[in-house]
Amino acid sequence: MEIIRTPAEMTAWANKALVAGERIGLVPTMGFFHEGHLSLMRRAGEKADRTVVSLFVNPIQFGANEDLGRYPRDFSRDCQLAQDQGVDVLFAPEPHDMYPPEASTRVVVSGLTEGLCGKSRPGHFAGVTTVVAKLFHIIKPHCAVFGRKDFQQLAVIERMVADLDWDVEIIGHPIVREPDGLAMSSRNVYLSASERRAALCLFRAIGHARRRVRTGPVEAPVLQQEVEELLLQEGVAIEYVSIVDHATLRPQAVLQKSAVLAMAIKVGATRLIDNDNLFDD
Ligand code: PAF
C-alpha cells in the first residue's frame, strides 16, 4: 500500500490510474479504524479497481467546543489495517496542505443541513461538504463509500453530488454494530464501562421502535415520546429523537416506509448518534 501525503501527489497518482482505465473507489475517513471502516474499504474494493482511503481529521468540521484536539489517532495501526483490506493508497494530508492560509472557499448545502445534527453543530456540514468536495477533486473517484451511521451526512453528500452534477456514485453502507448492538464509532473509546452500558439504550430504542411499527399502527409523535422515555431511563441527555423521511430529512407525522428513527444523545461527555430505517428488513 502506498502512503501519499500531498494533494498534488495524490492527483498525479489518480491521473495515472484514470489513463490506465482504472475505476477508483474512495473511502473518506478520519482514521482510528474499526470494523465499520474496514467494511467500507472492502465494499470500495468490490466496486472499483483501485481503492483509496483518505485519512484526515478535518479541522473545519469540528466546533470550537468539540473534540478535535483529543480525537483518537493511531496512524501506524490504521496503515496496517488498511493494507490488510487490500487498499491501494492511504491519502493522509496535513491540514496546511488541505487548507493553506489563503483558502476561503466553503461548499455549503442548505436545507438538509439545518435540522438534526445541524442544529447543535452549526458549520459542521459545511466542513464535511468542503472536505469531501476537495477529496473528490483531488482523487477523482468513480465511487465513494460512506457509512449509514451518519445518515444525515450521507443525505447531504448525495444532495451536493446531485446539485453539482458530479459523476461520482455515492454508496451508502449499512451500520456495523458491536455484538451487543452498539453502533461502531471511533468515539466509542471515550466511553467508560458504565457509559458504554448506558449507550446501549440507543439499540434498545431501535428494537422497541421496530417492534411497535410491526405490531400495529403507531403515530410518529407517540413513538417518538416512547423512545425518549426509554433513553431517559438510562440517564443519558437527549439532543434529539426524530422520525424523518430518509431523503428529505423532514419529520413524518404519519409513518411512511421511508421513515428513519434518528437519535443523538450525550453519555457523559460523549456525543453518540444512531439511526434505523424502521421498515427495512
Ligand atoms: O464521516 C467522517 O468520518 C467524516 O465526516 C468524513 C466524511 C471523512 C469527512 O471528514
Side-chain angles (χ1 to χ4, degrees), residues 4 7 10 24-41 43-44 51-63 66-75 78 81-82 85 87 89-99 103 105-109 112-113 116-118 120-139 141 143-161 164 166 168-176 183-190 262 264 270-275:
I4 295 184
M10 186 65 244
I24 301 174
L26 169 65
V27 182
T29 81
M30 299 205 298
F32 207 65
F33 297 151
H34 50 66
E35 181 49 35
H37 295 111
L38 306 186
S39 70
L40 304 182
M41 295 176 201
R43 182 83 181 266
T51 304
V52 178
V53 171
S54 62
L55 192 172
F56 180 62
V57 182
N58 177 32
I60 67 165
Q61 70 185 72
F62 287 78
E66 295 184 10
D67 57 344
L68 173 62
R70 64 183 189 117
Y71 195 82
R73 297 162 206 243
D74 191 339
F75 187 68
D78 282 352
L81 287 170
Q85 308 311 307
V87 167
V89 174
L90 189 74
F91 174 51
E94 293 295 335
H96 58 83
D97 284 324
M98 290 296 274
Y99 305 115
T105 301
R106 287 282 187 278
V107 178
V108 178
V109 173
L112 290 181
T113 55
L116 303 174
C117 294
S120 64
R121 305 189 75 192
H124 166 70
F125 287 112
V128 170
T129 41
T130 300
V131 80
V132 170
K134 285 177 68 75
L135 292 169
F136 284 0
H137 282 298
I138 294 165
I139 301 166
C143 63
V145 190
F146 294 85
R148 289 194 191 281
K149 187 169 80 68
D150 294 291
F151 98 104
Q152 184 176 15
Q153 169 173 282
L154 179 60
V156 168
I157 288 166
E158 281 170 341
R159 182 77 268 141
M160 172 181 78
V161 164
L164 299 181
W166 226 319
V168 182
E169 182 191 358
I170 302 300
I171 300 165
H173 192 73
I175 296 175
V176 179
M184 288 194 183
S185 162
S186 302
R187 290 187 166 101
N188 289 350
V189 291
Y190 297 150
T270 306
R271 185 176 182 277
L272 297 175
I273 55 172
D274 205 342
N275 71 83

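All values reported here derive from a predicted model rather than from experimental measurement. Worth knowing before you read on, the calculation uses all heavy atoms, side chains too, and leaves out hydrogens, waters and symmetry mates. Counting starts at 1 for both ligands and their atoms, in listed order.
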>> Is the ring pair Tyr71/Phe62 parallel, tilted or perpendicular, if the boundaries are 30 and 60 degrees?
In response: perpendicular
> Which residue supplies the protein heavy atom nearest to atom 3 (O) of ligand 1, what is that atom called, and how far is it?
Replying inline: Met30 CG, 3.7 Å
>> Checking the N or O distance criterion of under 3.5 Å, is ligand 1 in contact with Gln153?
In response: yes
> Who are the side chain to side chain contact (heavy atoms under 4.5 Å, CB included) partners of Ser185, not counting sequence neighbours?
Replying inline: Lys149, Arg187, Asn188
>> Considering non-hydrogen atoms of the protein only, which is the closest contact for atom 9 (C) of ligand 1, and what is the distance?
In response: Gln61 OE1, 3.3 Å
>> Closer than 4.0 Å to some heavy atom of Val131 - which atoms of ligand 1 meet that?
In response: 9 (C), 10 (O)
> Any idea which atoms of ligand 1 are less than 4.0 Å away from a heavy-atom of Thr29?
Replying inline: 8 (C)
> If you measure every N/O of Asn58 against every N/O of ligand 1, is any gap under 3.5 Å?
Replying inline: no
> Among all residues two or more places apart in sequence or in another chain, which pass the side chain to side chain contact (heavy atoms under 4.5 Å, CB included) test with Pro72?
Replying inline: Phe32, Ser186, Val189, Tyr190
> Is it true that a side-chain atom of Asp78 and a backbone atom of Met30 form a donor plus acceptor pair closer than 3.5 Å?
Replying inline: no
> Taking the six-membered ring for Trp, are Phe56 and Tyr99 parallel (under 30°), tilted (30 to 60°) or perpendicular (over 60°)?
Replying inline: tilted
>> Between Thr130 and Gly127 (side chain of the first, backbone of the second, donor and acceptor by atom type, cut-off under 3.5 Å), is there such a pair?
In response: no
>> With heavy-atom distances below 4.0 Å as the criterion, list the atoms of ligand 1 near Pro28.
In response: 8 (C)
